[in-house]
Amino acid sequence: MGYILDEFENEIIREIKNTLDLDTKIDIPLEIPDEERGDFALPCFIFSKHLKKSPDHIAKNLVENIKLELGTAEQAGPYVNFKLDNRRLVKETIEKCLEYKESYGKYPNKDEKITLEHTSANPNGPLHVGRARNPIIGDTLVRVYEKMGFEVERQYFVNDIGRQMAIFTWGSLNIDEDGLPEPERDKIDYHMVRYYQKANSLLEENPDIEDEVRGIIHAMEQGDEDILKVFRRNAEKVLEGVTGSLKRLNIHLNSFKNESDFVVDGSVDELISKMDKTEYCEREDGALFFEKEGRRTFLTRDDGTNLYPARDLAYHVWKAERADSLLNVLGEDHKLHGEFLRNALNALDIDPIPEIVFYSFVSFEGQEMSTRKGIYVTLDDLMDTAQEKARDEILKRRDDLSDQEIEEISEKVGMGAVRFNIIKVQPEKPIDFKWEEALNFQGDTGPFIQYTYARSCGILNKSDEEITLEKVDLSKLKEEGEIKLIKTMAKFPKLLSGVQKQNSPHRLAKYGLELASEFNQFYRDHHVLKSRNKKKERILLVTAYKYVLKSLLDTLGIDAPESM
RNA sequence: GGGCGUGUGGCCUAGUCUGGAUAUGGCGACAGCCUCCUAAGCUGUAGAACGGGGGUUCGAAUCCCCCUACGCCCGCCA
């Protein structure tokens, strides 16, 4: 038996088809109406033509004849509203929560492996807030796919070669540390980025360096082991810093693949000759390009050395051999490149082709963030400031906590605020980063949701009764605030499935706010521990709520503080 | 010039894919609520006909066309 709302929806669709005698393949446009009307609704307009009756008539007929076990149908003009039976809702939902605990919402394993590529930022310096959107979206999707039963590989494609990294390498070989400013913090990526930034400014002043940079690019592309070693070592150092920062946000990559591998092992060259044989490739002055719909993408230079599109393509061919499906999280500047990938993989008859989630950039006070130019707010600064703010807020309202407790809670709350603030916006919308918003802990924020978790724990910790399902009568839970809360809890599995199908992680945030808000209203209107006749039932409800919320926060990668 | 995306109350935002019944929530403003499980909470008031214009439809924030503003892209960079 699955989740109750899934079951009810399936029953409705099945019975509508039976009652109206429709083809089983036909799509029934069930929608979710305002909650006062019901849980599902069917507008009957579209059946009008086919059945040659008025929508009202069809609705009436449907309501009179449909047989539902899990709920009821009611006509409202041309609509039929379906309402799940409250007793079923309460019983099934709470039982499921107690059964699944913090993994509530999990669907059975699918035996399907997906490789989800995210972050993949050039490893030349610390992550700034603009880039941080990528791992936060990526990691949230990782968690969603896992809950939906996929096996997920979380992969970082390390662009350890290419022009920017060549400049970085040149800097690390030619610049003496004595001439560099103090790093902004004592962290390896901050030490390293100074070489990159200094190299860029030297390059601007002195164009002769360009030849040396080209020399490095060339040597690397020829597979020069010594140069590659330096490239990789630099990349590794920066990555150590970057993954350290991500860890603080509960983001853990479990797989890294170096771009240079595809050059060294010859797979790029192999791929290029395969591409050359397709009808889409031609040469111009010896340089090979792929052309589709009038757009050219060069795969090699005229001297035969390969270019990024070819290397990324080789990477995707490699990935396709190792997973059932692929998903990439990329900045909007990669849209055209994404088109190319799709077309080229099609031309090679490669499957699977990646789905791509594109996100718009984060600007800061109207400016684009840039590692090269040093215009940015680093993720580390944001995280530190968020934690400090959280600590201040705790000190304002608590005097009963140890230093260590304050430290732990402020970390959870600060990081929750950061992740939530980024994930709550639809990826394709641009974000203009504002400290004031990122550090807001009231209203539509992560801490708002975490707070209700702490509240639910507060109640449960004061109760030492051992309560089990057998000892209670769940049918006592029938007041409006109770039902509304349980109904919102019941929606979580279906929501997860929708988020996965549409790759729309921001909807988890929206749902979390709705869920927490329902709890706050329940909390306001109904006492739990002082309830005369349904204390046990309400304790069980709060326990179930706590599990749902924990599962939701886990999916968002946000820690759940027991107290705050 | 072309392609893609975005434009919803003063500010931020959901809904747009799959058209439907009074457009979601927050911030800010104003007015209230802690002798009662944490007020990072709750309640109420004011505030948007969904960038503009056409069209399709019984019905459009949602679909189509035109225009407009902003972002990204159109490199033998990545």
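Values below: all heavy atoms of this structure, side chains included; hydrogens, waters and symmetry mates excluded. Sequence lines set the chain letters: A, B, ... in the order given, protein chains first and strands last, and positions in each chain run from 1.
Its glycosidic angle being more than 90° from 0, rA61(B) falls on the anti side. In this structure, rC36(B) shows a glycosidic angle more than 90 degrees from zero, which is the anti conformation.
The separation of rU24(B) from rG9(B), taken at their P atoms, amounts to 14 Å, rounded to a whole angstrom. Spacing between rG26(B) and rA40(B) at atom C1', rounded to whole Å, works out to 14 Å. Atom name P, nucleotides rC65(B) and rA46(B): the rounded distance is 40 Å, in whole Å. Taking the P atoms as reference points, rA21(B) lies 14 Å from rG59(B), given to the whole Å. rA14(B) and rG75(B) have their P atoms separated by 32 Å, given to the nearest Å. Comparing rG52(B) with rU68(B), their C1' atoms sit 7 Å apart, to the nearest whole Å. Nucleotides rA29(B) and rC11(B) are separated by 16 Å at their P atoms, to the nearest Å. Between the P atoms of rU62(B) and rU16(B), the separation comes to 12 Å (whole Å).
Under the 30°/60° scheme for interplanar angles, the aromatic rings of Trp318(A) and Phe262(A) are found to stand perpendicular. Ring-plane geometry between Phe433(A) and Phe364(A) is classed as tilted, the angle between the planes lying from 30 to 60 degrees on a 0 to 90 degree scale. Between His526(A) and Phe522(A), the angle of the ring planes lies from 30° to 60°, which puts this pair in the tilted group. Tyr308(A) and His334(A) have perpendicular rings, their planes meeting at more than 60° on a 0 to 90° scale where under 30° would count as parallel.
Side-chain proximity of Asp333(A) to the nucleotides rC72(B), rC42(B), rA14(B) is greatest for rC72(B). For Arg524(A), taking side-chain heavy atoms from C-beta onward, the closest of the listed nucleotides rA40(B), rU43(B), rA78(B) is rU43(B). Minimum atom distance to the side chain of Asn81(A) is reached by rA21(B), of the listed rA21(B), rC76(B), rC17(B). The side chain of Phe298(A) lies closest to rG75(B), out of rA14(B), rG71(B), rG75(B). Nearest nucleotide to the His527(A) side chain, out of rC37(B), rC76(B), rU38(B): rC37(B). Distance from the side chain of Ser517(A) is smallest for rC42(B) among the nucleotides rC37(B), rA78(B), rC42(B). Distances were taken from every side-chain heavy atom of Glu428(A) (C-beta onward) to each of rG5(B), rA78(B), rG41(B); the shortest belongs to rG5(B). Of the candidates rA39(B), rU43(B), rC77(B), rA39(B) carries the atom nearest the Arg397(A) side chain, counting heavy atoms from C-beta on.
Between the side chain of Lys510(A) and the base of rU24(B) there is at least one donor-acceptor pair of N/O atoms closer than 3.5 Å. The base of rA40(B) lies outside donor-acceptor range of the side chain of Asn520(A), with no N or O pair under 3.5 Å. No hydrogens or angles were tested; on distance alone, a donor-acceptor pair under 3.5 Å links the side chain of Arg37(A) to the base of rA21(B).
Close to rC77(B), at under 4.0 Å from its OP1 or OP2, lies no side-chain N or O of Arg372(A). A sub-4.0 Å separation between OP1 or OP2 of rA78(B) and a side-chain N or O of Asn122(A) is absent. The phosphate of rA39(B) (OP1 or OP2) has a side-chain N or O of Arg455(A) nearer than 4.0 angstrom. Here Tyr308(A) does not reach the OP1 or OP2 of rA78(B): none of its side-chain N or O atoms lies under 4.0 Å away. Applying the 4.0 Å criterion to OP1 and OP2 of rG15(B), one finds that His506(A) has a side-chain N or O inside that range. The phosphate of rA14(B) has OP1 or OP2 within less than 4.0 Å of a side-chain N or O from Lys429(A). At the phosphate of rU38(B), OP1 or OP2 sits under 4.0 Å from a side-chain N or O atom of Lys462(A). OP1 or OP2 of rG15(B) sits under 4.0 Å from a side-chain N or O of Gln426(A). Between Gln442(A) and rG26(B), a side-chain N or O to OP1/OP2 separation shorter than 4.0 Å is absent. Here Arg311(A) reaches the OP1 or OP2 of rA78(B): one of its side-chain N or O atoms lies under 4.0 Å away.
In this structure, the CG atom of Asn440(A) is 9 Å from the C1' atom of rG26(B), given to the nearest Å. Phe358(A) has its CZ atom 11 Å from the C1' atom of rC73(B), to the nearest Å. Atoms CD (Glu259(A)) and P (rA78(B)) sit 8 Å apart, rounded to a whole Å. In this structure, Glu31(A) atom CD and rC17(B) atom P are separated by 12 Å, rounded to whole Å. Distance, Glu293(A) CD to rC73(B) P: 20 Å, rounded to whole Å. The separation between Tyr523(A) atom OH and rC34(B) atom C1' is 11 Å, rounded to whole Å. Remark: C1' of rA39(B) and CZ of Phe519(A) are 15 Å apart, rounded to the nearest angstrom. The nearest whole Å value for the distance from the NE2 atom in His337(A) to the P atom in rA78(B) is 11 Å.
Toward the 5′ end of RNA chain B lies the nearest nucleotide of Lys335(A), the other residue of the pair Lys335(A) and Ile217(A) mapping further downstream. Of the two residues contacting RNA chain B, namely Leu30(A) and Asp525(A), the nearest-nucleotide position lying further toward the 5' end is that of Leu30(A).
Judged purely by atom type and a 3.5 angstrom limit, Asn81(A) has no side-chain atom pairing as donor or acceptor with the backbone of Ala73(A).
Note on Met165(A): nothing from the nucleic acid sits closer than 4.0 angstrom, heavy atoms only.
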Derivation of the ring-ring contact (aromatic ring centres under 6.0 Å, His included) call for Phe157(A) and Tyr315(A): CA-CA 9 Å; Phe157(A) 185 46; Tyr315(A) 168 54; 3.8 Å; yes
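Under the Watson-Crick and G-U wobble criteria, each requiring two contacts below 3.5 Å, nucleotide rC37(B) is left unpaired. Judged by Watson-Crick or G-U wobble contacts below 3.5 Å, the nucleotide rA31(B) has rU43(B) as its partner. Base pairing of rC70(B) is made with rG5(B), judged by Watson-Crick or G-U wobble geometry with both donor-acceptor distances under 3.5 Å. The partner of rU62(B) cannot be assigned: no Watson-Crick or G-U wobble pair with both contacts below 3.5 Å exists in any strand.
Checked against a 6.0 Å centroid threshold, the rings of Phe441(A) and Phe448(A) do not count as neighbours.
With hydrogens and angles left out, the side-chain atoms of Asn520(A) and Arg455(A) include a donor and acceptor closer than 3.5 Å.
Ion pairing between a basic and an acidic side chain is recognised when a charged N comes within 4.0 Å of a carboxylate O; Lys319(A) and Glu117(A) show such pairing.
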